[in-house]
Amino acid sequence: MTPFALIDANNFYVSCERVFDYHLRDRPVVVLSNNDGCCVARSPEAKALGIRMGQPFFEVRDLLAQHQGRALSSNYALYGDMSSRLMQVIGQFSPEQEVYSIDESFLRFTPGEAAGLTALGLALRARVLQWTGLPVGVGIGPTKTLAKLANHLAKRHPDFAAAGVCNWLDLSAAARAAYAADLGVAAVWGIGGRWAARLGQAGIQTVADLRRADPEGLRRRFNVVLARTALELRGTPCLALEETPPPRQQIIASRSFGQPVTTRAELGEALASHTARAAVRLRAAGLVTGLLQVSIATSPFREDEPQYHPTWGLALPVPTADTVPLLRAARAALGLIFRAGYRYQRAGVVLLDLSPAGAVTGDLFAPVAPAGAARRARLLDVLDGVNGRWGRGTLRYLAEGGPGGQTWRMRRERLSPAYTTDWAGLPGVG
DNA sequence: TCTGGGGTCCTAGGACCC
DNA sequence: TCTGGGGTCCTAGGACCC
C-alpha cells in the first residue's frame with residue numbers, strides 16, 4: 001500500500017489577498033470573476049453569510065456591504081506566483097509530487113512511511129503557513145480518492161478542522177464507517193450534483209452506500225468511471241500519481257461581454273483579442289496549432305430572447321503559432337457563423353490539434369504537385385522523423401491542390417509505426 | 001442497385017473538476 | 001442592468017473513406 005496525501009489551500013484566492021493586506025482579515029471577503037461578474041472565492045466569513053460559489057455579485061453586493069465586507073477583482077498574476085511557492089514547499093515533503101491544480105497537490109509516499117504520516121501532515125501544514133502565509137488542509141489515504149475524501153473531512157468536519165489534517169489510515173474501521181455514513185455521495189471526487197441525484201434514485205445516497213455497492217454492477221448500470229471511484233473508496237487504487245502532466249489538448253480564450261453586443265465588428269474585435277492571447281499562450285507552451293475554432297453565443301440567462309450559439313472550426317493551411325494567420329482564420333470563421341439580430345453575450349477561441357513546434361518541418365507542407373518517387377521519399381523521410389519523435393500521433397499533409405490552384409485540402413491520418421515502412425498505406429500517396 | 005464492416009473527423013451536448 | 005474561465009472525458013449522429 002502506497003499512501004497518498006492531498007494538500008490544498010483554503011479559499012486560495014482570498015488567502016493570497018490576505019497575505020498582503022492585513023485589513024482583509026476577520027471580515028467577509030470575496031474575489032470576483034472577470035467583469036466582476038461572479039464570486040469565485042469566499043472567505044469563511046463570506047461563506048457564513050450564505051454567499052455561494054459562483055453566485056452573481058449583484059445578488060450579494062448589499063449583503064456584503066452591510067457586514068463591512070470587501071469584494072476584490074481577481075489578480076491571477078499574484079495567485080500564480082503564490083501557487084509556485086506553495087507547490088515548492090509542499091514538494092519538500094516527498095520526491096513524488098503531482099501538481100493537480102493552482103492550489104492542490106498530491107504527494108505519494110512509500111509503504112514504510114505510512115506510520116508517521118499524521119505527524120508529517122501537521123508539520124507540512126505548519127511549514128506552509130510559516131513560509132507562504134497560506135492555510136492548507138491535508139488529507140491522507142491509501143488512494144487518491146480517499147485522500148481527497150480525507151481532505152474534505154480535514155477542512156469541514158469538526159473532529160479534524162482544528163488540526164487541519166485527516167489521516168484515513170489512522171481511523172478504525174468503525175470510525176471510517178461512521179464518517180462514510182455521514183457524508184453524502186456528492187462529497188466524493190468525481191461525483192457532482194447530477195450523478196448524486198441519479199445515484200440517489202438507485203438507493204445510493206451516502207459514501208457508505210457507494211462503498212458497499214458492487215463495482216462490477218456499477219460499471220454495467222452506469223459507467224466505468226463510477227466503478228473505479230467505488231473501488232478507490234474501498235482502498236483499491238485505480239488512479240496513479242501523474243508527476244508529468246499529459247500533453248495539452250486545447251487552449252481556450254473566451255470572455256463574456258460586460259454588455260450584449262450586436263455587430264460583427266464588435267465580435268471581430270473581441271475575437272481578435274482572444275486569438276492574440278491564445279497565440280501568446282501557444283508560443284509560451286512551445287506548440288503550434290492546426291485547427292482554430294471560433295464560438296459566439298447569446299446569453300443563456302435571457303430566456304426571453306432568441307438563442308444562438310454556433311461554433312466553427314477552420315484548419316490552418318500550415319500548423320502555426322503565428323498570430324497573423326490565426327487572426328485571419330478567426331475572422332473567416334466569424335464570417336461563416338455571424339447572424340445579425342441577436343444579442344451576443346460571449347465570444348471565444350479554441351486552439352486544437354496541438355503539436356510541438358518544430359517537430360515537423362515546413363517541407364512536409366510545401367506543395368508537392370508531382371506524385372512519384374520524389375514525393376514518396378520526402379513523405380517517408382518526414383514520417384521517420386515524426387515517428388522517431390512522437391511515436392503515435394496525427395500527421396497532416398497536403399493531399400491535393402497546388403500553389404496556383406484554388407483548392408487546398410488537408411488530409412489527416414493517424415500515424416502508426418507501420419506507416420514508416422509501408423508508405424503505400426497512406427491515402428493520397430503514390 | 002444492393003450489400004457490409006471498420007475506420008476517422010466533425011459538431012454538439014452532457015458531465016465533471018478547480 | 002449586472003450571471004467566470006479554463007480544462008478533461010464520454011457519447012452520439014452524420015459525413016466520408018476504404
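Worth saying up front: this structure is predicted, and the values here are computed from it rather than measured. Residue numbering restarts at 1 for every chain, and letters A, B, ... go by the order of the sequence lines.
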(request) Using atom CG of A:Asn11 as one end and atom C1' of B:dC18 as the other, report the distance to the nearest whole Å. (result) 14 Å

(request) Any chance you could measure A:Asp21, atom CG, to A:Glu17, atom CD, to the nearest 0.5 Å? (result) 8.0 Å

(request) Rounded off to whole Å, could you give me the CG-to-P distance for the A:Leu292 and B:dC10 pair? (result) 13 Å

(message) Regarding A:Ile102, tell me which of base, sugar-phosphate or nothing describes its non-hydrogen contacts under 4.0 Å with the strands shown.
(response) nothing

(request) State plainly whether the residues A:Lys144 and A:Glu98 are in salt-bridge range, i.e. N to O under 4.0 Å. (result) yes

(message) Does C:dT1 have its OP1 or OP2 closer than 4.0 Å to a side-chain nitrogen or oxygen of A:Gln259?
(response) no

(request) Name all residues meeting the ring pair (Phe, Tyr, Trp, His ring centres under 6.0 Å) criterion together with A:Tyr308; count only those two or more places apart in sequence or in a different chain, and write none if there are none. (result) A:Tyr342

(request) Give a yes or no on whether the backbone of A:Gln68 and the side-chain of A:Arg27 come within a donor-acceptor separation of less than 3.5 Å. (result) yes

(request) Take the protein atom CH2 of A:Trp195 and the nucleotide atom P of C:dC9, then report the distance between them rounded to whole Å. (result) 17 Å

(request) Output yes when a side-chain donor or acceptor of A:Arg331 lies under 3.5 Å from a complementary backbone atom of A:Gly268, and no otherwise. (result) no

(request) With a 4.0 Å heavy-atom cut-off, tell me which residues in residues 328-345 of chain A come close to DNA chain C, sorted by residue number. (result) A:Gln345

(request) Check DNA chain C against residues 29-61 of chain A and give the residues with a non-hydrogen atom under 4.0 Å, in numerical order. (result) A:Ser33, A:Asn34, A:Cys38, A:Val40, A:Pro56, A:Phe58

Report all side-chain donor-acceptor pairs from residues 151-158 of chain A shorter than 3.5 Å, counting only partners two or more places apart or in another chain.
unit_1	atom_1	unit_2	atom_2	d
A:Asn151	ND2	A:Leu6	O	3.2
A:Asn151	ND2	A:Asp8	OD1	3.1
A:Asn151	ND2	A:Gly137	O	3.1
A:His152	ND1	A:Arg156	NH1	3.2
A:Lys155	NZ	A:Asp8	OD1	3.2
A:Lys155	NZ	A:Asp8	OD2	3.0
A:His157	ND1	A:Asp159	N	3.1

(request) State, yes or no, whether a side-chain contact exists between A:Leu210 and A:Leu218 at a heavy-atom distance under 4.5 Å. (result) yes

(request) Might you point out which heavy atoms bring A:Pro135 and A:Leu129 nearest each other, and give the distance in Å? (result) N-CD1, 3.9 Å

(message) Within the 3.5 Å criterion, strictly below it, is a donor on A:Arg283 or A:Thr323 matched to an acceptor on the partner's side chain?
(response) yes

(request) Just call it for A:Gly193: base, sugar-phosphate, or nothing, with non-hydrogen atoms closer than 4.0 Å on any strand. (result) sugar-phosphate

(request) For DNA chain C, write out the stems as range with range, using runs of 3 or more consecutive Watson-Crick or G-U pairs with both distances under 3.5 Å. (result) B:5-18 with C:5-18

(request) Can you see which heavy atom on A:Leu282 is nearest to which on A:Ala321, and at what distance? (result) CD2-CA, 3.6 Å

(request) Please tell me if the side chains of A:Glu266 and A:Tyr344 come closer than 4.5 Å, counting only heavy atoms from C-beta onward. (result) no

(message) Does B:dC16 have its OP1 or OP2 closer than 4.0 Å to a side-chain nitrogen or oxygen of A:Lys148?
(response) no

(message) Of the listed nucleotides (C:dT8, B:dC16, C:dG5), which one gets closest to any side-chain atom of A:Gln249?
(response) C:dT8

(request) Round to the nearest Å and state the distance from A:Leu239 atom CG to B:dC16 atom C1'. (result) 14 Å

(message) Please compare A:Arg248 and A:Arg228 by the position of their nearest nucleotide in DNA chain C and report the one closer to 5'.
(response) A:Arg248

(message) For a quick check of understanding: with a heavy-atom distance under 4.0 Å over all strands, which category does A:Asp8 fall into, base, sugar-phosphate or nothing?
(response) nothing

(message) Is any side-chain heavy atom of A:Thr289 closer than 4.5 Å to one of A:Ile251?
(response) no

(request) Grab the CZ-P distance between A:Phe222 and C:dT11 for me, whole Å please. (result) 15 Å

(request) Using a 4.0 Å heavy-atom cut-off across all strands, classify A:Val350 as base, sugar-phosphate, or nothing. (result) nothing

(message) Treating A:Asp81 as the side-chain partner and A:Leu78 as the backbone partner, does any N or O pair qualify as donor plus acceptor under 3.5 Å?
(response) no

(request) Could you tell me whether A:Phe12 contacts a base, only the sugar-phosphate backbone, or nothing, with contacts defined as non-hydrogen atoms closer than 4.0 Å? (result) nothing

(request) Assign A:Pro260 to base, sugar-phosphate, or nothing according to its heavy-atom contacts below 4.0 angstrom with the strands shown. (result) sugar-phosphate

(message) I need the residues from residues 276-287 of chain A with at least one non-hydrogen atom less than 4.0 Å from DNA chain C; give them sorted by number, or say none.
(response) A:Arg277, A:Arg281

What does the list of N/O pairs under 3.5 Å between the protein and nucleotides 12-14 of chain C look like, with a distance for each?
none

(request) May I have the distance from A:His152 (atom NE2) to B:dC18 (atom P), rounded to whole angstrom? (result) 12 Å

(message) I'd like to know if the side chain of A:Ser101 pairs up with that of A:Asp103 as donor and acceptor (distance under 3.5 Å, no hydrogens or angles considered).
(response) yes

(message) For a quick test of reading the model, state the closest non-hydrogen atom pair linking A:Phe338 to A:Thr262 and the distance between them.
(response) CZ-O, 3.6 Å

(request) Could you tell me whether the phosphate oxygens of B:dC10, OP1 or OP2, come under 4.0 Å of any side-chain nitrogen or oxygen in A:Gln293? (result) no

(message) With the threshold set at under 4.0 Å for non-hydrogen atoms, list the residues of residues 298-309 of chain A touching DNA chain C in residue-number order.
(response) A:Phe301, A:Arg302

(request) Nearest-nucleotide wise, let me know which of A:Phe257 and A:Gln250 is further upstream toward the 5' end of DNA chain C. (result) A:Phe257

(message) Which residues pass the ring pair (Phe, Tyr, Trp, His ring centres under 6.0 Å) test with A:Phe106, not counting sequence neighbours?
(response) A:Tyr100, A:Trp189

(request) Send over the distance from A:Glu242 CD to C:dG7 C1', rounded to a whole Å. (result) 14 Å

(request) Check whether any side-chain heavy atom of A:Leu292 lies under 4.5 Å from a side-chain heavy atom of A:Leu314, and answer yes or no. (result) no

(request) Keeping to residues at least two apart or across chains, list the ring-ring contact (aromatic ring centres under 6.0 Å, His included) pairs with something in residues 245-302 of chain A. (result) none

(request) Give a yes/no answer on whether the side chain of A:Arg255 brings an N or O atom under 4.0 Å of OP1 or OP2 in C:dG4. (result) no

(message) If the cut-off is 4.0 Å, is A:Ser254 near the phosphate of C:dG4, judged by side-chain N/O to OP1 or OP2?
(response) no

Please report, to 0.1 Å, the donor-acceptor pairs under 3.5 Å made by any side chain of residues 38-48 of chain A, with sequence neighbours excluded.
unit_1	atom_1	unit_2	atom_2	d
A:Arg42	NH1	A:Ile51	O	2.9
A:Ser43	OG	A:Val29	N	3.0
A:Ser43	OG	A:Glu45	N	3.4
A:Ser43	OG	A:Glu45	OE1	2.9
A:Ser43	OG	A:Ala46	N	3.2
A:Glu45	OE1	A:Arg18	NH2	2.9
A:Lys47	NZ	A:Asn11	OD1	2.8

(request) Write down the distance between CG (A:Leu314) and P (B:dC9), rounded to a whole number of angstrom. (result) 17 Å

(request) Only counting residues at least two apart or in another chain, list the ones meeting ring pair (Phe, Tyr, Trp, His ring centres under 6.0 Å) with A:Trp312. (result) none

